[in-house]
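Everything on this sheet refers to the single structure shown next.
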Amino acid sequence: MRLYYTDHFELPLPDGHRFPMDKYRRLRRRISESSRHLQDPLIVPPAATDQQLLLCHTLRYVRAVCEGSLTPAEIRRIGFPWSPKMVERSRRSTGATIAAARAAMEDGIAANLAGGTHHAFADAGEGYCVFNDAAVAIRVLQTEGKIGRAAVIDLDVHQGNGTASLLGRRDDVFTLSIHGVKNFPLRKMPSHLDIDLPDGTKGPEYCRTLVDALNALANHGPYDLAIYLAGADPFEGDRLGRLSLTKHDLSVRDQTVIDWCADRSIPLAIAMAGGYAPDVDDIVDIHFSTIGIASAAATRIRSSV
């Protein structure tokens, strides 16, 4: 399974910044040291081009990001200080989801070891999201004629308001978001299917809800591609999550989504999305499990061809 990484394109953050940027480097290191992933190449993706970004984002916004002319309010809304390295990292992270989507069309499944930047709107970034990688990837492949209809399965604990704004009214995409009802963002944008969960939701209830949501998703298919935002932040120990899923529950969640796509021969690109546990190793554990489940599925797909 092809894995795309961008952690060596460093995004410099001030001391005390609460975004756990080191999780990406730790995840790649753990994968590279694991005997389970000897056949899973780690690949540096190309950066998303202006032409690709402009399929979802406005010219003014792309120029402002790339030229460093964002207003102080826009920078605060993103949550990262502007720098040329921030621009390159954001382009590469979006490029990684584009590359993973292309690889999934060939191999059945692939992953971006970052991404899931679902709070980015056409004309603004938000919540540590600069460009919307899933939306851009889908529109790139649609514009190229590689796919017709696509699905976004967003299981980050925060509603994908940017993705909903960009894709939630399109007929050639179906956006699904399962998220905490009282969590960020305060103003939620309408996806094709939004499922609000109360604080403290536990694994069994979550997984029953997920199965019902996937059944509803199936009714609106078929799909030529799915992008799965496998957020680590529904974890019970996440400081921003407010749900109560264990690591085992999250593995069941991942297995359910990955099997659902594989059973329907839907190419699947995975992005890691959010994770804010105080112990970064907990975040890495969750993402590493996601990649392990996906890699095992990739092996089954290859053996069935």
(request) Salt-bridge test for R2 and E106: reply yes if a basic N is under 4.0 Å from a carboxylate O, no otherwise. (result) yes

(message) Would you say T246 and D249 are linked by a side-chain donor-acceptor pair, where the criterion is simply a distance under 3.5 Å?
(response) yes

(message) Counting the benzene-type ring for Trp, do Y24 and H8 have ring centres under 6.0 Å apart?
(response) no

(request) Answer yes or no on whether R89 is positioned over the face of F9, meaning its NZ or CZ is under 6.0 Å from the six-membered ring centre and within 45° of the axis. (result) no

(message) Taking the six-membered ring of Y276 as reference, does the cationic atom of R239 (NZ for Lys, CZ for Arg) lie under 6.0 Å from its centre and within 45° of its axis?
(response) no

(request) Taking only Lys NZ, Arg NE, NH1 and NH2, and the carboxylate oxygens of Asp or Glu, determine whether D282 and K247 approach each other closer than 4.0 Å. (result) yes

(request) Would you please say whether a donor-acceptor pair under 3.5 Å links the side chains of T163 and D154? (result) no

(message) Under a plain distance cut-off of 3.5 Å, with no hydrogens placed, do T209 and D212 share a side-chain donor-acceptor pair?
(response) no

(message) Taking CG in L186 as the centre, count heavy atoms belonging to other residues, nucleotides or ligands within less than 6.0 Å. Is the count above 12?
(response) no

(request) Quick one: do R149 and D172 satisfy salt bridge (Lys or Arg N to Asp or Glu O under 4.0 Å)? Show the steps, please. (result) CA-CA 5 Å; R149 295 197 80 234; D172 53 4; over 6 Å; no

(request) Please say whether the positively charged group of R77, taken as NZ for Lys or CZ for Arg, lies over the ring of F121, i.e. under 6.0 angstrom from the six-membered ring centre and within 45 degrees of the axis. (result) yes

(request) Measure the OG1-CZ distance between T97 and F131 for me, rounded to the nearest 0.5 Å. (result) 13.5 Å

(request) For Q159 and M189, indicate whether the former's side chain and the latter's backbone hold a donor-acceptor pair under 3.5 Å. (result) yes

(request) For S177 and S191, test the side chains for any donor-to-acceptor distance below 3.5 angstrom and give the result as yes or no. (result) no

(request) Inspect the contact between D199 and R242 and indicate whether a charged nitrogen and a carboxylate oxygen are less than 4.0 angstrom apart. (result) yes

(request) Would you tell me whether H57 and N132 have side-chain atoms, one donor and one acceptor, within less than 3.5 Å of each other? (result) no

